[in-house]
S.K.: 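One structure is given below, represented as structure tokens, and several questions about it will come after.
So you know, we letter chains A, B, ... as the sequences are listed, proteins then strands, and number each from 1. Everything numeric here is computed off the predicted structure, so don't read it as measured data.
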Protein chains: 2
Amino acid sequence: MTEAVSPDAVRARGSGTQSVYAALRTEILSMALSPGSPLDEVRLSERFGMSRTPIREALLRLSADGLVTTLPNRNTIVATIDFAALPPYFDALTLMYRVTTRAAAARRDPAGMQEVRRHQQAFAEAVEAHDAYGMIEANREFHVAIAVLGGNPYYVSFFSRLLDEGRRILRLYYSTFDDRLPRQYVEEHEAIIAAIEAGDVDTCDRLAIAHAAQIVRQIQEYVARDMGKATAIQNL
Amino acid sequence: MTEAVSPDAVRARGSGTQSVYAALRTEILSMALSPGSPLDEVRLSERFGMSRTPIREALLRLSADGLVTTLPNRNTIVATIDFAALPPYFDALTLMYRVTTRAAAARRDPAGMQEVRRHQQAFAEAVEAHDAYGMIEANREFHVAIAVLGGNPYYVSFFSRLLDEGRRILRLYYSTFDDRLPRQYVEEHEAIIAAIEAGDVDTCDRLAIAHAAQIVRQIQEYVARDMGKATAIQNL
DNA sequence: ACGGCGCAGAGTGTCGACAGCCTGTATTAT
DNA sequence: ATAATACAGGCTGTCGACACTCTGCGCCGT
């Protein structure tokens, strides 16, 4: 879990910050580090075998990504998930689903579709294997690839960020279900691919809306069920 | 211009990074620091009268904002403006104009409208005074206030970022014109305010599209004229 | 004259240390 | 017993120093 680094592996100059950033980012997004847990600079520096400076810079970047919250003069904690902010989140997510899928259809780049298909296949395999983490990751890559096809870097970066934030929520959701129903997502993805290749913008828009609504409904059901319990407990 | 800091003003603990970040950010957005100019950590530390650490952290935050580009093991430069990326930029900007204005109309928060009106007035005053920098800033605040009214923090942060990036482009544009025609923008803003207050979502959408198109057209004319010259020179 | 090599200078990446702030605990006064 | 206060510990914010890497220039060989 907290695997130590081989003692005297002198890493390349400049790689310190990046490796810590990547490692922490993965752990946060995969929920290996639960929201709210404290990140101590000294302890991290011991764990990664380097001084506090690279650690600090990694935390700063994570903070810019919104993955971590810095309490001035106190400590840094993994950003909490604000369930109250879910409706706006889904709003934004739906919008980006639509915009990127439409743009991809309008441009029709057969070469880029290879990439999309690759991720779709990875997604399908993860579904077959009941591999929740793999599904989430492949799903993200699938949609990012479509956004890239769309050709608007502003959408790509915003969408990526939304999808990353969603990874933590999806992780909660999948972990309670051990799902077998995401097979439907596979079919919806296939339909989206077909519509993009046909250059059918209107169908893309419809499919994107439906796809988003599907996800939103599933998660809202989950929230209503499990969070209902949680608040009930809290209100005792 | 490069005003020095009073020698022995011991700043509050933790304010170092923030003040440097704010100062550099302002200078970059106002084009006081031209794109591509180098930012030397040592020189900055001398100028701000502090060690390199807070400077570094400020630069890191600016880099996360995309305002600055870090060349590993070399130096940091002010991010350049990529004119090739203008079409996607305008695409994204138009979308956010529409989405935020619509959302604001759908929610109709009379209290929040005060804030919007305040910025609109500041904008009108800047136009009267032919104050290009004031116009740009007030315009940004005006649209951000509308986005806040819309109630979606994801849109607010994405839109803010787009508008900030636009500040530098607008600055180029205004600086060549010394404009008196932005009076039209004032009228368009008024129309938008009226439509929001009426809760007329469709009209808001139309106005937002028109407003964006207006800006896009102006800037494209500018680019066609002045950049045409520039590329002509480059191709000699 | 021209191309490859080495060198010096500049600037960053990393480190260890110090000082200040915050929290929680123990102590004291009421 | 309770509340305010002082204290100790932990952690962050900042500093100055060192090592490494890159660039540009001058030197040397051809």
S.K.: Nearest nucleotide by nearest heavy atom, which residue falls closer to the 5' end of DNA chain C, B:Thr76 or A:Pro72?
M.R.: B:Thr76
S.K.: Counting only non-hydrogen atoms, which of residues 18-25 of chain A are less than 4.0 Å from DNA chain C?
M.R.: none
S.K.: Could you give the CG-to-C1' distance, from B:Asn75 to C:dG13, as a whole number of Å?
M.R.: 14 Å
S.K.: Rounded to the Å, how far apart are A:Asn73 CG and C:dC22 C1'?
M.R.: 7 Å
S.K.: Can you tell whether the side chains of B:Glu115 and B:Arg118 come within less than 4.0 Å, N to carboxylate O?
M.R.: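 Yes, B:Glu115 and B:Arg118 are salt-bridged.
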S.K.: For B:Gly14 and A:Arg13, take the nucleotide of DNA chain D holding the closest heavy atom to each; which residue's nucleotide lies nearer the 5' end?
M.R.: B:Gly14
S.K.: Identify whether the distance between the nearest side-chain nitrogen and carboxylate oxygen of A:Arg167 and A:Glu141 falls below 4.0 Å.
M.R.: no
S.K.: Which atom names give the shortest non-hydrogen contact between A:Ile28 and A:Leu67, and what distance separates them?
M.R.: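 Taking A:Ile28 first and A:Leu67 second, the nearest heavy atoms are CD1-O, 3.9 Å.
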S.K.: Suppose we screen for side-chain hydrogen bond (donor to acceptor under 3.5 Å, both in side chains). Which residues come up paired with A:Tyr155, at least two apart in sequence or across chains?
M.R.: none
S.K.: For DNA chain D, note the earliest and the latest nucleotide, 5' to 3', having some atom under 4.0 Å of a heavy atom belonging to chain B.
M.R.: D:dT12 to D:dT23
S.K.: Restricting to pairs with a member in residues 53-74 of chain A, which pass salt bridge (charged side-chain N to carboxylate O under 4.0 Å, His left out), not counting sequence neighbours?
M.R.: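 For residues 53-74 of chain A: A:Glu41-A:Arg56, A:Arg56-B:Glu57, A:Glu57-B:Arg56.
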S.K.: Select base, sugar-phosphate, or nothing to describe what A:Leu44 touches, counting heavy atoms under 4.0 Å on all strands.
M.R.: nothing
S.K.: Tell me every residue that passes side-chain hydrogen bond (donor to acceptor under 3.5 Å, both in side chains) with B:Gln120, counting only those two or more places apart in sequence or in another chain.
M.R.: B:His189, B:Glu190
S.K.: Would you check if the side chain of B:Asp109 reaches a backbone N or O of B:Leu149 as a donor-acceptor pair within less than 3.5 Å?
M.R.: no
S.K.: With a 4.5 Å limit on heavy-atom distance, are the side chains of B:Phe159 and B:Val99 in contact?
M.R.: no
S.K.: Mind listing the closest non-hydrogen atom pair of B:Asn152 and A:Ala92 along with its distance?
M.R.: ND2-N, 4.1 Å
S.K.: Contact class for A:Ser45 (heavy atom, under 4.0 Å): base, sugar-phosphate, or nothing?
M.R.: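 Result for A:Ser45 = nothing.
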S.K.: Looking only at heavy atoms, which two atoms of A:Arg168 and A:Ala79 are closest? And how far apart?
M.R.: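 Nearest heavy atoms, A:Arg168 then A:Ala79: NH2-O, 2.9 Å.
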S.K.: May I ask you to check whether A:Phe123 and A:Phe142 place their ring centers less than 6.0 Å from one another?
M.R.: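 No.
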S.K.: Atom CG of A:Asp40 and atom C1' of C:dC22: how far apart are they, to the nearest Å?
M.R.: 14 Å
S.K.: Mind listing the residues from residues 52-71 of chain A sitting with a heavy atom below 4.0 Å of DNA chain C? Number order is fine.
M.R.: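 Per residue number, the list reads A:Arg52, A:Thr53, A:Pro54.
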